[in-house]
Amino acid sequence: MCGIIGISAKKNVSNDIVQCLKHLSYRGYDSAGLSIAKDNEILERKIQGKVTNLENFLNNYPISGNCGIGHTRWATHGEPNTINAHPHTISNVSVVHNGIIENYHDLKTILEKSGVNFISDTDTEIISQLINIELINGKKPLEAFKNTITKLKGAYAIVAIFRGYDDLMIGTKLGSPLLYMKAKNMILLSSDAYSISDYGSSVTYLEDGDIIVTEKSKISLHDHSLKTIQRPSKKIKKRDKDGLNGYDHFMIKEIKEQPDVLSHALSYYLNFSKYKINLEKYNFDFTKINRIIISACGTAYFAGMVAKSWFEDIANIKVDLDIASEFRYKKMFFDNKTLSLFISQSGETADTLAALRHAKENDQKIVSVVNTVESSIAKESDLVLPIFAGQEIGVASTKAFTCQLATLASLVLFLAKKKRHINASQEKALIEELVHIPSQVLDVLKYENDIKKIAKDIHKSSSAIFMGRGATLPLALEGALKLKEISYIHAEGIASGELKHGAIALVDKKLPVIVLAPDDIFYVKNLSNMNEVYSRGGKIILVGKVQNDQLKDLKLTGINIEVNGKLNIPIIMSIPLQLLAYHVAKLRGTDIDQPRNLAKAVTVE
Ligand code: F6R
């Protein structure tokens, strides 16, 4: 998983490549590099770390030319060092690549036997080596490129430039995204549309197997047999130019955007004035569905976990839920009354996409809940339900999670009504719950100062436990994920009832235990679990219904949340957990928006 960019223009492209790479950094930030073909040479600069390192490096050691490629890396094969950074230049050719070449080892072994020396540990270098050999053997760039890609197995987007061809770029894709834009005096190739949206308003997405050739201002698209083909262009949205709007990090900006984006998402799916669900506008036949399979990864998976309880409780539809990386390897009992539903913020997560394709091969109808509607997952779905979170830049998902829940809640109500499992007054009550969510989120955000105090108290801990029951179990898992990924504190999410079956051994006076206990049917049981923690000296942080006597008796810190509905509890109670993770990480001085070893779109399996 990585971000790639290629630019050909009537001016020096070096700075434009770097600026576009900054917008692609969500795809990885272990190293960055660029190369430019000029005057029978290929000039290259690459460096470990983020794109800003590359920018500084270029300020000291500039390179210039009219056509070049750039890359920001999330390491898969080989350490994140400068040698393994892309582009990979082998005398006549320079290549940037996103994806994985699955048969690189076999290909490398063959080349090594014939005396080829490899410089890096990457799978990508095999592409450069193979193209270079073709060129040495007298092939022209397009033929050399095509002959090479026919040997590759795996998933990839590739762009190459060639020594002696100062205006030529050739690219292709299989499984990973690649698109192009024809802008004023410029051609741009990129992994995503946002990264180049400063340059124009429409892009053309390549389909798997397409080959793009750009030379000066000319662009041609070819299929695998090099026959010329056309692909439609698409209007794109402008990248969010607001930047940080005065916030220290995108994560906190995105946490604070939730009242707005949730209103947006909910008003798309619900008619607030008539208390009706607007999903009838989709021409999709839900009538036969009596079972749903949900699959996703990470935070999106936890949204799926919440949705499972909603579909089952409210719509009386059985749901089987599986992590996307496991999905394909299990017996899923597909049938024609089952709907397969995939949840993904980026819409590019390789495991989720692979799970979707597996379901499709088994004749499943596919519904996806995505933030990026131009993504691969959206394109391959029969029905796309956008979540309207707006661009999410912070690596830790926040507003996408709550907007996924809002969208899924709307679908649950729609199906519950279609299946006649709720009557008009139940429907109205549930919609009423959703209607109040944006203002309730606003209220909970007001606890930020209290949460900062809790963060101060726990930020030096080496471990934390989050526990919940029923609707809050997925939130316990999500709260722990949020904390560990940005603060690097080890955290576990458990079912409160499981505490006594093992995790209680960890409890001592240094261990923060974050108990998620809203005013629901589990409240009394949660209280017992809190007592178990208290009597072993654990530090209790109660998020939910906080009663004054508990503050004294259990010496706990509390964030009082007054919601108690089926739909609003998971959405509202996730906000304090996001704020807690953020403020703990801030006190620990970690790289909150780009935590180590992570990336925003995980396009490798
Ligand atoms: C955690 C987080 C990840 C993603 C996961 C799936 O904060 O963001 O766990 O939820 O990588 O990503 P998408 O939703 O893009 O498929």
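We count ligands from 1, going down the list as the structure has it; atoms in each ligand are counted the same way. Counting from 1, the numbers follow the sequence of the chain as shown.
Enclosure of atom NZ in Lys365 is not indicated, since only 12 or fewer non-hydrogen atoms of other residues, nucleotides or ligands lie within 6.0 angstrom.
Between Thr352 and ligand 1, a contact under 3.5 Å exists for no N or O pair. Residue Gln404 places no N or O, backbone or side chain, under 3.5 Å from any N or O of ligand 1.
Protein heavy atom in closest approach to atom 5 (C) of ligand 1: Cys297 O, 3.6 Å. For atom 13 (P) of ligand 1, the closest non-hydrogen atom of the protein is Thr349 OG1, 3.2 Å. Protein heavy atom nearest atom 11 (O) of ligand 1, with residue, atom name and distance: Val602 CG2, 4.0 Å. What sits closest to atom 3 (C) of ligand 1 on the protein, heavy atoms only, is Thr299 N, 4.0 Å. Here the protein heavy atom with the shortest distance to atom 15 (O) of ligand 1 is Ser346 OG, 2.6 Å.
Using a 3.5 Å distance cut-off with no hydrogens or angles, the side chains of Asp192 and Tyr26 do pair a donor with an acceptor. No donor-acceptor contact under 3.5 angstrom links the side chains of His358 and Gln364, judged on distance only. Using modelled atom types, one finds a donor on one side chain and an acceptor on the other under 3.5 Å when comparing Gln578 with Gln258.
Contact check on Glu448 versus Lys256 returns a salt bridge, with a Lys/Arg side-chain nitrogen under 4.0 Å from an Asp/Glu carboxylate oxygen. Electrostatic pairing of Asp322 and Arg328 does not count as a salt bridge here, judged by no charged N lying under 4.0 Å from a carboxylate O. Salt-bridge annotation for Lys173 and Asp208: present, with a side-chain N of the basic residue lying under 4.0 Å from a carboxylate O of the acidic one. Residues Glu361 and Arg357 are not paired through a salt bridge, judged by the lack of any N-O separation under 4.0 Å between the basic side chain and the carboxylate.
Within the listing of ligand 1, atoms 1 (C), 7 (O) sit less than 4.0 angstrom from a heavy atom of Glu485. Within ligand 1, the atoms closer than 4.0 Å to a non-hydrogen atom of Ala300 are 10 (O), 14 (O), numbered from 1 in the order shown. Shown in contact with Ser344 at under 4.0 Å from a heavy atom are these atoms of ligand 1, numbered in order with element: 13 (P), 14 (O), 15 (O), 16 (O). In summary, the atoms of ligand 1 found under 4.0 Å from a heavy atom of Lys482, numbered by their order in the structure, are 1 (C), 7 (O). Residue Gln345 has at least one heavy-atom neighbour below 4.0 Å for each of these atoms of ligand 1: 13 (P), 14 (O), 15 (O), 16 (O). For ligand 1 and Ala396, the ligand atoms under 4.0 Å from any heavy atom of the residue are 7 (O).
Val395 counts as a contact of ligand 1, since one of its heavy atoms falls under 4.0 Å from the ligand.
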task: Would you please test Leu339 and Ile293 for side chain to side chain contact (heavy atoms under 4.5 Å, CB included) and show each step?
output: CA-CA 6 Å; Leu339 178 78; Ile293 293 175; over 6 Å; no
